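Below is one structure, written out as structure tokens; the observations come after it.
Computed from a prediction, not measured in an experiment: that's the story for all the values here. FYI, the numbering just counts along the sequence from 1.
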Amino acid sequence: MQKLEVCCYGVDCARVAEQAGADRIELCASPTEGGLTPSAGTLMAAREHVSIPVHPIVRPRSGDFCYSVTEFEQIKSDIAFIREQGFPGVVVGLLDLDGHIDLQRMLQIMPLCAGMEVTFHRAFDLCHSPLMALEQLTDLGVARILTSGQQQSAESGLPLLRELTRITRGPKIMAGAGVRLSNLQKFIDAGISELHSSASQRISSPMRYRKAGVSMCSEADNDEFSRSVVDGDVVEAMKSVITLGAPIRVA
């Protein structure tokens with residue numbers, strides 16, 4: 001049976017996802033940057049308030065996955081802290097200058113993750129040779145690979161996702177990027193074992209006073225008074241489709 005992982009940008013969202021039936025949480029910060037390492041406070045709150053498995057992402061910055069010496073040291077320190085907090089898994093990924101899995105550094109990271117499942121994240125989608133990368137990640141002992149099939153969306157990447165699912169002899173292949181209720185059945189029919197979705201909705205701020213013309217980022221028209229959160233109804237509907245084969249009804 002397929003499992004549903006929900007990408008959550010905060011502990012409140014993780015609690016909503018858990019209550020709606022998610023199997024696992026990928027915990028991140030900074031949604032506009034594609035997901036960065038959560039703060040220490042967020043991590044500790046997640047351990048206290050969320051009962052299902054939580055796998056924090058370790059990603060020190062946005063952009064590519066080829067890191068400086070200082071950034072690599074930061075990655076190792078964050079992994080050590082996450083392990084000390086007792087998390088069952090971690091999400092990480094590193095590439096070298098030529099777009100291959102950074103084996104030298106991954107060989108240093110894997111012992112730091114002892115006792116935790118390692119998900120190699122969508123750095124996989126920027127690697128030079130996905131089939132060679134699968135073999136390397138298998139040999140490293142990675143538990144799963146989060147991938148869109150090296151396409152902008154997982155639906156477009158279904159051919160590679162099917163191939164990876166067929167040939168893998170170790171890591172589970174988890175489809176992510178644009179996996180939603182409306183296309184969920186395509187991934188189920190493809191036999192992909194794990195599915196990753198943000199299952200989000202946009203909500204308005206409860207603030208009554210709203211300062212106009214001031215943004216917290218360089219994009220002046222960014223709306224500081226709305227944000228994306230997990231939609232529990234969508235998570236529940238997706239989980240129903242996965243577990244019960246319930247018909248999909250899209251509003």
Given Val179 and Met238, is the side chain to side chain contact (heavy atoms under 4.5 Å, CB included) satisfied, shown in steps? CA-CA 10 Å; Val179 175; Met238 293 180 77; 4.3 Å; yes
With side chain to side chain contact (heavy atoms under 4.5 Å, CB included) as the criterion, how do Thr165 and Ser193 come out once you've worked through the C-alpha distance, each side chain's angles and the decisive distance to 0.1 Å? CA-CA 8 Å; Thr165 298; Ser193 63; over 6 Å; no
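- Side-chain N or O atoms of Gln151 include none that pairs as donor or acceptor with a backbone N or O of Leu158 at under 3.5 Å.
- Between Ile101 and Leu95, some side-chain heavy-atom pair lies under the 4.5 Å cut-off.
- For Asp233, the side chain to side chain donor-acceptor pair (under 3.5 Å) test picks out no residue, with sequence neighbours left out.
- Glu117 is linked by a salt bridge (charged side-chain N to carboxylate O under 4.0 Å, His left out) to Arg144, counting only residues two or more places apart in sequence or in another chain.
- In this structure, NZ on Lys172 lies 5.0 Å from NZ on Lys3, to the nearest 0.5 angstrom.
- Counting heavy atoms from C-beta on, the side chains of Ile52 and Asp23 never come closer than 4.5 Å.
- Checking Ser204 against Arg210 by side-chain atom types alone, a donor-acceptor pair falls below 3.5 Å.
- Using a 4.0 Å cut-off between charged side-chain N and carboxylate O, Asp139 and Arg169 make a salt bridge.
- Hydrophobic clustering (ILVMFWY, side-chain heavy atoms < 4.5 Å, transitive): Phe124 and Phe65 are in one cluster.
- The stretch residues 96-107 participates, sequence neighbours left out, in no side-chain hydrogen bond (donor to acceptor under 3.5 Å, both in side chains) pair at all.
- In terms of hydrophobic clustering, with Ile, Leu, Val, Met, Phe, Trp and Tyr side chains grouped at heavy-atom distances under 4.5 Å, Val16 and Val229 are assigned to different clusters.
- Remark: Gln152 CD is loosely packed, at most 12 non-hydrogen atoms of other residues, nucleotides or ligands lying under 6.0 Å away.
- One hydrophobic cluster, built from ILVMFWY side chains closer than 4.5 Å, holds both Phe72 and Phe81.
- Ile192 and Ile167 fall within a single hydrophobic cluster, where Ile, Leu, Val, Met, Phe, Trp and Tyr are joined by side-chain heavy atoms under 4.5 Å apart, directly or via other members.
- If you take CG on Leu103 and CE on Met110, they are separated by 11.5 Å, rounding to the nearest 0.5 Å.
- In this structure, the side chain of Thr147 engages the main chain of Gly149 through a donor-acceptor pair within 3.5 Å.
- Here the straight-line distance linking atom OG1 of Thr138 with atom CD1 of Ile145 works out to 6.0 Å at 0.5 Å rounding.
- More than 12 heavy-atom neighbours from other residues, nucleotides or ligands sit within 6.0 angstrom of NZ on Lys76.
- At a threshold of 4.5 Å between non-hydrogen side-chain atoms, the residues Glu194 and Arg24 count as touching.
- Between the SG atom in Cys8 and the CD atom in Glu18 there is a gap of 10.0 Å [rounded to 0.5 Å].
- Side-chain N or O atoms of His121 include none that pairs as donor or acceptor with a backbone N or O of Leu146 at under 3.5 Å.
- In this structure, a donor-acceptor pair under 3.5 Å is present between the side chains of Ser228 and Arg202.
- By the side-chain contact (heavy atoms from CB on, under 4.5 Å) test, Thr42 is found to be paired with Val11, Leu27, Pro38, Ser39, residues two or more places apart in sequence or in another chain being considered.
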Show your working on side chain to side chain contact (heavy atoms under 4.5 Å, CB included) between Cys7 and His196 and close with a plain yes or no. CA-CA 7 Å; Cys7 179; His196 172 97; 3.6 Å; yes
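- At least one side-chain heavy atom of Leu131 sits less than 4.5 Å from a side-chain heavy atom of Leu164.
- For the side-chain contact (heavy atoms from CB on, under 4.5 Å) with Cys66, the qualifying choice from Leu97, Leu126, Leu94 is Leu97, the only one to do so.
- In this structure, the side chains of His55 and Pro88 come closer than 4.5 Å at one or more pairs of heavy atoms.
- Using a 4.5 Å heavy-atom cutoff, the side chains of Leu181 and Val241 are in contact.
- Considering only residues two or more places apart in sequence or on other chains, Arg47 meets the salt bridge (charged side-chain N to carboxylate O under 4.0 Å, His left out) condition with none of them.
- Distance CZ/Phe187 to CZ/Arg180: 9.0 Å, rounded to 0.5 Å.
- Pro56 places none of its side-chain heavy atoms less than 4.5 Å from the side chain of Thr37.
- Here Arg166 pairs with Glu163 under the side chain to side chain donor-acceptor pair (under 3.5 Å) rule; sequence neighbours left out.
- The hydrophobic cluster containing Phe87 also contains Val6, counting ILVMFWY residues as joined when their side-chain heavy atoms lie under 4.5 angstrom apart, directly or transitively.
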Go through the steps for Tyr67 and Glu73 under the test side chain to side chain contact (heavy atoms under 4.5 Å, CB included), then give the verdict. CA-CA 10 Å; Tyr67 296 110; Glu73 292 302 315; over 6 Å; no
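- Taking 4.5 Å as the limit, some side-chain heavy atom of Met116 sits within range of a side-chain heavy atom of Ile82.
- The CG atom of Leu4 sits 10.0 Å away from atom OG1 of Thr243, with the distance rounded to the nearest 0.5 Å.
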